[in-house]
Amino acid sequence: FVPYPHAANDHQRKNAEIMKNNNAGLYIEDKDVNPTNLINLLTSLINNVEYLKEIQDNAGAMAIYNSTEKISQQIMSIIEQ
């Protein structure tokens with residue numbers, strides 16, 4: 001994740017940190033993005049397939065697959081009040 005540093009309420013950074021802290025993604029600050037850092041990051045993933053699989057599994061475990069339904073239910077409950 002490379003959060004946009006000027007996003008409203010810094011929400012991209014907060015979301016990226018949650019993923020990083022749950023070992024479900026990698027995080028790099030926008031100011032630190034450069035060819036050398038990206039090559040090093042990608043090379044480390046290519047050379048450690050087990051770690052990449054772990055990140056994938058953790059991200060999948062955090063996914064909310066029925067989010068549209070949950071949001072719709074919340075909206076309907078507000079409307080029905």
Partners meeting side-chain contact (heavy atoms from CB on, under 4.5 Å) with [X] (sequence neighbours left out):
X: Ile28; result: Val2, Asp32, Val33, Asn37
X: Asn15; result: His11
X: Ser77; result: none
X: Ile78; result: none

Who passes side-chain hydrogen bond (donor to acceptor under 3.5 Å, both in side chains) against Glu17, sequence neighbours left out?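 Partners of Glu17 by the side-chain hydrogen bond (donor to acceptor under 3.5 Å, both in side chains) criterion come out as none, since no residue qualifies.
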
Name the atoms and distances for all side-chain donor-acceptor pairs under 3.5 Å in residues 59-73, with sequence neighbours left out.
| from | atom 1 | to | atom 2 | distance (Å) |
| --- | --- | --- | --- | --- |
| Glu69 | OE2 | Gln73 | NE2 | 3.2 |
| Ser72 | OG | Thr68 | O | 2.9 |

Suppose we screen for ring pair (Phe, Tyr, Trp, His ring centres under 6.0 Å). Which residues come up paired with Tyr51, at least two apart in sequence or across chains?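 So Tyr51 forms no ring pair (Phe, Tyr, Trp, His ring centres under 6.0 Å) with any residue.
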
Is there a side-chain contact between Lys20 and Phe1 in this structure, where contact means two heavy atoms from C-beta onward sitting under 4.5 Å apart?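 Sidechains of Phe1 and Lys20: no contact.
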
Looking at Asn22 and Ala24, would you say the former's side chain and the latter's main chain have a donor-acceptor pair under 3.5 Å?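 Not at all, since once roles are kept as given, no pair shorter than 3.5 Å links the two residues.
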
So, Gln12 side chain and Ala7 main chain: donor-acceptor pair closer than 3.5 Å or not?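 No, the answer is negative, given that no donor and acceptor are paired below the 3.5 Å cut-off.
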
Does Asn34 CG have over 12 foreign heavy atoms under 6.0 Å away?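 Above 12, so yes.
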
Please collect all salt bridge (Lys or Arg N to Asp or Glu O under 4.0 Å) contacts where either partner lies in residues 49-64, sequence neighbours excluded, each pair once.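 Listed once each, the pairs are Lys53-Asp57.
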
Hydrophobic cluster (4.5 angstrom, side-chain heavy atoms) - remaining members for Val49: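 In the cluster with Val49 there is nothing else; it is isolated.
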
Under the salt bridge (charged side-chain N to carboxylate O under 4.0 Å, His left out) test, residues paired with [X] that sit two or more places apart:
X: Glu29; result: Arg13
X: Lys31; result: none
X: Asp30; result: none

Roughly how far, to the nearest 0.5 Å, is the OH atom of Tyr27 from the CD1 atom of Ile18?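 The OH atom of Tyr27 is 11.5 Å from CD1 of Ile18, to the nearest 0.5 Å.
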
Look up atom CD1 in Ile55 and atom CG in Leu26, then write down how far apart they are to the nearest 0.5 Å.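 With rounding to 0.5 Å, CD1 (Ile55) is 4.0 Å from CG (Leu26).
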
